[in-house]
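A note on names: the letters A, B, ... follow the listed sequences, proteins ahead of strands, and every chain is numbered from 1. None of the values given here were measured: they were computed from a predicted structure.
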There are 2 protein chains.
Amino acid sequence: MSHAGKKRKLDKTRQDRLYFDSYSDVTIHEEMIADHVRTNTYRTAIFRNSESIKGKVVLDVGAGTGVLSIFCAQAGARKVYAVEACSIAEQAAEIVKRNNVDDVVEVIRGTVETVELPEKVEVIVSEWMGYALLHESMLNSVLHARDRWLKAGGLILPSRAELYITPISEPVAEERLYFWYTVKDQYGVDMSCMSDFARRCIKNSDVTVSTVAVEDVLSHPARFAELDLRSVTAEEVRGVKGRFRCESFGSAAVNAFCVYFTVTFPCPDNAHSLALCTSPFKPETHWKQAVLYLDSPVEVVQDTEISGEVSMFPSEDSSRHICIHVDYTIGEQKRQSKTFSIPDWTSDPQP
Amino acid sequence: MSHAGKKRKLDKTRQDRLYFDSYSDVTIHEEMIADHVRTNTYRTAIFRNSESIKGKVVLDVGAGTGVLSIFCAQAGARKVYAVEACSIAEQAAEIVKRNNVDDVVEVIRGTVETVELPEKVEVIVSEWMGYALLHESMLNSVLHARDRWLKAGGLILPSRAELYITPISEPVAEERLYFWYTVKDQYGVDMSCMSDFARRCIKNSDVTVSTVAVEDVLSHPARFAELDLRSVTAEEVRGVKGRFRCESFGSAAVNAFCVYFTVTFPCPDNAHSLALCTSPFKPETHWKQAVLYLDSPVEVVQDTEISGEVSMFPSEDSSRHICIHVDYTIGEQKRQSKTFSIPDWTSDPQP
């Protein structure tokens, strides 16, 4: 483990400061704006809901560069409060001005938990999702804002979140273990015994955020949790949990689970709601997928049942960091379990 | 800036612990062994010097997985002391045994500064180089070992190090700045004013470790420093410094300097010494190149002179971290200067 992976207990204030600081670098904003699936889905969702936004007051929780607030202004909002805790709020204010919507959009630097708005709002919009939905997510802030500022019957965008799990056969980890068997041919030194050490390092309990290829997915994904964002409580979010059951498409070696999420937006004029889906079967987003390695691969054949229960809860070290516990049974194997967590590095912008 | 980029003053013991811990993960060892240029050049150098190694005592400083020690055993060493401070030493001992050289190679877990060997050595071998040669490098440990354990006239592999600088025109940074001008066409929101913020974030004083493409190099590289590892002192290494002078190949916009290194091995039977070169003109290594962004691009034409002085010195925050100060004049422009440092993340193995 590198020192970046070391767990530290941080006091709440320091945790918050680090959290807000980490969003001041341009890289994360560039990545989010350049994520077409993310930005276009929000844009479409906002415009499709323009009947509910027109002439109304909107609160954008964690506004970042202010792009969602500007979409709401373009959709006809009377007033948009763009609340942003970190220094990117300065850029948001400049962007708002540049787009001639500074009469509608008011950028407020502060946390949504402490901000005082002059009025209640009819709409809340927020892009609050983290890796595996809940890692370093702003969902608690959105729920706080909803309970404090949203009028009864108000609109919340997105309005629903779902979590999925699927068994996968991920080749990179196995190739990395196999590498140590190839060293002898290359340099005349047998390093095959490094493979066990590599297994302990690679197949540890850290969640890996990476892109899962469609061909590595071994079953139809199973939904294990659903959050109705109009009613879910912070208490419920602290203990998201659900059962799953999958059947293998064919013969393969399961070496990991893949966890991903979908959020959906209500669409008044359309039978279908609009979804922002981070599935491996959909175009890639900057969230990629969360990969949870099993300690060793398990062989499955067609229709082998893979079932169990997933629970997600805040890490003891930092309430913003999420742990994922999976209890699972693969075919005739006895029930096993493993608890994963997302290491610190995922929130660090890389140059 | 992310919290990973925050500068912290650490006491020496903690610095050392973090340093040694960060090498226990398999990723860094995999990257080093898989780096063919690195591992093959050392292997070739050791075998070409087998006349000086045969029947002799060798000290491997920072042995890691022990691969260089085993090469020395294969080249006929009577005894190899493989000194390694971190827990990878356990794997090294296992690898040594597996290769049936445990009668020759003795893995010693400890720092070379404190280790007690039963005898002096005729050869020191070490792969001590860091990013930009000196970042988190083990060179001081090698010099300590040389002064303490190497017999007079002994062999040191490698025996020489050189540092080079060249002006480059690096397109990625400019493309990232331009991105913000493209947002309006994509989403109908003018975010062009983010470009200035992006410039401050991207063209900051952090050294970027990345691969420089040959076509982005704007002149013949200039050597600005040379270290004779048989005689250089730790004091001299703390203030490596030298002048450079380049002439532009043609018309371009200089937006960065690229710094890289070469180390060379003596080759007794050969007029040419053997070099491990991390130049952009050579096959890629895991060191890549160090890229130092100027605050803004400067136009040059063919034969425009780009000259100045580079100095490298330990950071105040951590003696293992290197700062690079460049004083430079481009064509008729007035002399400018900028001090760069390598942020913490470079030493963190990424999953």
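- Comparing A:I70, A:D190, A:I95, A:I202 by heavy-atom pairs within less than 4.5 Å of chain B, the highest count is held by A:D190.
- Taking every heavy atom of both residues into account, A:C201 and B:D25 meet most closely at CB-OD1, 3.9 Å.
- Neither the backbone nor the side chain of B:E90 comes within less than 4.5 Å of any heavy atom in chain A.
- Put simply, of A:R200, A:M191, A:R98, the one with the most heavy-atom pairs under 4.5 Å next to chain B is A:R98.
- What you find for B:C193 and A:E94 is that their closest heavy atoms are CB-OE2, 3.5 Å.
- For the atom pair CZ (B:F197) and NE2 (A:H29), the distance works out to 6.0 Å, reported to the nearest 0.5 Å.
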*Quick one: do A:H36 and B:Y187 satisfy ring pair (Phe, Tyr, Trp, His ring centres under 6.0 Å)? Show the steps, please.*
CA-CA 9 Å; A:H36 282 260; B:Y187 308 120; 5.7 Å; yes
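- In terms of the salt bridge (Lys or Arg N to Asp or Glu O under 4.0 Å) criterion, A:K184 has no residue partners (sequence neighbours excluded).
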*Please test B:R199 against A:V26 for side-chain contact (heavy atoms from CB on, under 4.5 Å), starting from the C-alpha separation and ending with a verdict.*
CA-CA 9 Å; B:R199 184 180 301 279; A:V26 73; over 6 Å; no
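- By the 6.0 Å contact criterion, OH on B:Y178 is open, its count of non-hydrogen atoms from other residues, nucleotides or ligands being 12 or less.
- By the side-chain hydrogen bond (donor to acceptor under 3.5 Å, both in side chains) test, A:T182 pairs with A:Q186, sequence neighbours left out.
- When A:T65, A:V101, A:D196, A:V183 are compared by the number of non-hydrogen pairs under 4.5 Å with chain B, A:T65 comes out ahead.
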*Could you give me the CA-CA distance, side-chain angles and deciding distance for B:T27 and A:R176, then say whether side-chain contact (heavy atoms from CB on, under 4.5 Å) is met?*
CA-CA 9 Å; B:T27 306; A:R176 289 189 58 187; 3.1 Å; yes
